[in-house]
Amino acid sequence: MAGGIGLCEDWQQQAAAAFADLEVAVLNPRRAVFPADDPGAEAKQVVWEHTHLHRAALVMFWFPASPSHQPIALYELGMMAAGSTPLVVGADPQYVRRNNVAVQLRLARPGLEVHETLADALRAVRTFVEVSSEYSAGRAPSCGSGA
């Protein structure tokens, strides 16, 4: 999972719960407690996020309504959009940079939908996982061409 962490709801908890029945590892960058008094904590967090974004078979971004533009998440989205890792992206209609996200992704990843609700983004992740599982089990996919 990637996207807003600061100054926004804990959407990661809802997303992780939505995938509890799937046989997947959900990598959550949000810490229960961030050690603000540790001068090396921010760098460790950035390294962890970067490493796991590049290890993931699918990366889901969610940009919630927030007073923050979530600049690090925007940077990470740009980095991942330039690569080939499958992405599911959602941005709340009230997210201040939603239009920028949608336009940039149309240019970088034509055809990639920017979902308007967290629930829609979570469904797209589920579809991707289910279709990928069917392929890896040697079965034809049961729904479309995937996310």
**Report entry** Same cluster (ILVMFWY, side-chain, under 4.5 Å), I72 and V96
**Finding:** no
Query raised in the report: With A56, which residues qualify under side-chain contact (heavy atoms from CB on, under 4.5 Å), at least two apart?
Result: V59
Can you give each donor-acceptor pair under 3.5 Å made by side-chain atoms of residues 76-86, sequence neighbours left out, with the distance rounded to 0.1 Å?
none

Query raised in the report: Are L22 and L122 connected in the hydrophobic side-chain network, where two residues link if heavy atoms are under 4.5 Å apart?
Result: yes
Query raised in the report: Given the rule in the side-chain contact (heavy atoms from CB on, under 4.5 Å) test, do V89 and R109 qualify, once you have shown the distances and angles that lead to the verdict?
Result: CA-CA 11 Å; V89 179; R109 296 268 185 117; over 6 Å; no
Requested in this report: Hey, could you give me the CE/CD distance between M1 and Q13, rounded to the nearest 0.5 Å?
Outcome: 10.0 Å
Requested in this report: Find out if a path of hydrophobic residues (ILVMFWY) with successive side-chain heavy-atom gaps under 4.5 Å connects L107 to V88.
Outcome: no
Report summary line: Closest non-hydrogen contact found for W11 with P64 is CD1-CG, 4.1 Å
Query raised in the report: Where does the angle between the aromatic ring planes of H50 and H54 fall among parallel (under 30°), tilted (30 to 60°) and perpendicular (over 60°)?
Result: tilted
Query - Shared hydrophobic cluster for F61 and Y75 (ILVMFWY, side-chain gaps under 4.5 Å) - result: yes
Report task. Rounded to the nearest 0.5 Å, what's the gap from CH2 on W62 to CD on Q14? Could you check? Result -> 9.5 Å
**Report entry** Pairwise distance OG1(T117) to CG(D92) - rounded to 0.5 angstrom
**Finding:** 9.0 Å
Query raised in the report: Quick one: does D21's side chain get under 4.5 Å of R126's, heavy atoms only?
Result: yes
Requested in this report: Output the distance between atom CD (E113) and atom CG (L87), rounded to the nearest 0.5 Å.
Outcome: 13.5 Å
Report task. Please lay out, stage by stage, how E116 and R98 fare under the test side-chain contact (heavy atoms from CB on, under 4.5 Å). Result -> CA-CA 9 Å; E116 289 193 2; R98 184 181 204 296; 3.0 Å; yes
Query raised in the report: What closest approach, in Å, do H115 and A124 show between heavy atoms, and which atom pair accounts for it?
Result: NE2-CB, 3.5 Å
Report task. Kindly check if the number of other-residue, nucleotide or ligand heavy atoms within 6.0 Å of CG (L74) is above 12? Result -> yes
Query raised in the report: When rounded to the nearest 0.5 angstrom, what is the spacing between CG in L53 and CH2 in W48?
Result: 8.0 Å
Query raised in the report: Can you check whether Y95 reaches V101 side chain to side chain, under 4.5 Å on heavy atoms?
Result: yes
